[in-house]
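Inspection log for the structure reproduced underneath, given as structure tokens.
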Amino acid sequence: VQLQASGGGLVQAGGSLRLSCVASGSFSSFNAMGWYRQAPGKQRELVATFLGDARTKYADSVKGRFLISRDNVKNTVYLQMNSLEPEDTAVYYCNDRANSFPWGQGTQVTVSS
């Protein structure tokens, strides 16, 4: 199974983006998929994730602004990002909670002030 993240771009502060992560096939940990990000000079961090069921977990910095969702038929996980801030600038990746898959190139999100 391969994961492909897309949907990033350049947006002004206060704007919105929707990221998509498409899996090339089905797998058992799909219900524990999440989004991570890595800003320049910083470690990769968890942004939002499913917990193996319908429950979700968000980083404190994105609570109330980001929403994770999924389409089990399309094997796709989404991240709706609203009220974007310059601090959200990073490369965004998708993976399961065990980080079972190669990280890939991710998708760049740049928020200008």
Side-chain angles (χ1 to χ4, degrees):
V1 175
Q2 292 185 332
L3 305 176
Q4 181 65 52
S6 63
L10 173 63
V11 63
Q12 289 187 333
S16 298
L17 285 172
R18 188 193 195 203
L19 306 184
S20 299
C21 173
V22 180
S24 59
S26 60
F27 52 97
S28 60
S29 60
F30 181 77
N31 287 338
M33 286 292 296
W35 287 94
Y36 301 76
R37 67 186 180 188
Q38 186 167 20
K42 296 186 177 182
Q43 289 189 336
R44 187 177 288 124
E45 63 175 354
L46 174 68
V47 176
T49 187
F50 285 100
L51 297 177
D53 48 24
R55 295 176 299 152
T56 55
K57 177 181 179 179
Y58 294 89
D60 289 343
S61 60
V62 308
K63 284 181 180 177
R65 300 189 297 122
F66 290 12
L67 178 68
I68 189 171
S69 63
R70 65 192 177 203
D71 186 326
N72 290 358
V73 174
K74 296 181 178 179
N75 289 335
T76 302
V77 179
Y78 304 98
L79 185 68
Q80 178 66 44
M81 305 187 296
N82 300 322
S83 302
L84 282 161
E85 303 170 352
E87 293 74 21
D88 296 317
T89 294
V91 179
Y92 284 70
Y93 304 87
C94 54
N95 214 319
D96 67 5
R97 291 192 71 200
N99 300 162
S100 302
F101 301 96
W103 286 103
Q105 295 182 340
T107 185
Q108 175 70 48
V109 172
T110 303
V111 184
S112 62
S113 57

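Side chains are part of it too, since the values below use all heavy atoms of this structure and drop only hydrogens, waters and symmetry mates.
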Report summary line: Between Val91 and Gln105, the two heavy atoms sitting closest are CG1-O, 3.4 Å
Query raised in the report: Would you call Asp88 and Met81 a side-chain contact if the rule is heavy atoms closer than 4.5 Å?
Result: no
Requested in this report: May I ask you to decide if Asn31's main-chain N or O and Arg70's side chain share a donor-acceptor pair within less than 3.5 Å?
Outcome: yes
Query raised in the report: Got a donor-acceptor contact below 3.5 angstrom from the Thr89 side chain to the Val111 backbone?
Result: yes
Report summary line: Closest heavy-atom pair, Lys74 versus Thr76, reported as atoms and distance to 0.1 Å, is O-OG1, 2.9 Å
Query raised in the report: Can you check whether Tyr78 reaches Asp71 side chain to side chain, under 4.5 Å on heavy atoms?
Result: yes
Query - Donor-acceptor under 3.5 Å (Ser113 side chain, Pro86 main chain) - result: no
Query raised in the report: Under 4.5 Å between side-chain heavy atoms, hopping through other hydrophobics if needed: is there a path connecting Val22 to Trp103?
Result: no
Query raised in the report: Looking at CG of Asn75 and SG of Cys21, how far apart are the two atoms once the value is rounded to the nearest 0.5 Å?
Result: 10.0 Å
**Report entry** Distance in Å, Leu46 CG paired with Arg97 CZ, rounded so as to fall on 0.5 Å steps
**Finding:** 8.0 Å
Query - Pair Ser6, Gln4: side-chain N/O donor-acceptor within cut-off below 3.5 Å - result: no
Query raised in the report: Between CD of Gln38 and CD of Gln43, what distance do you get to the nearest 0.5 Å?
Result: 8.0 Å
**Report entry** In one Ile/Leu/Val/Met/Phe/Trp/Tyr side-chain cluster, 4.5 Å: Tyr93, Leu3
**Finding:** no
**Report entry** Any donor-acceptor N/O pair, Tyr58 side chain to Arg65 backbone, under 3.5 Å
**Finding:** no
Query raised in the report: Hey, what do you get for CG (Asn82) to CG (Leu67), rounding to the nearest 0.5 Å?
Result: 8.0 Å
Query raised in the report: Do the ring planes of Phe66 and Tyr92 sit parallel (below 30°), tilted (30 to 60°) or perpendicular (above 60°)?
Result: tilted
Report task. Supply the atom-to-atom distance Leu19 CG to Gln80 CD, rounded to the nearest 0.5 angstrom. Result -> 8.5 Å
**Report entry** Pairwise distance CE(Met33) to CD1(Ile68) - rounded to 0.5 angstrom
**Finding:** 8.0 Å
Report summary line: Partner of Trp35 under side chain to side chain contact (heavy atoms under 4.5 Å, CB included), picked from Val77, Val62, Thr49, Asn95, is Val77
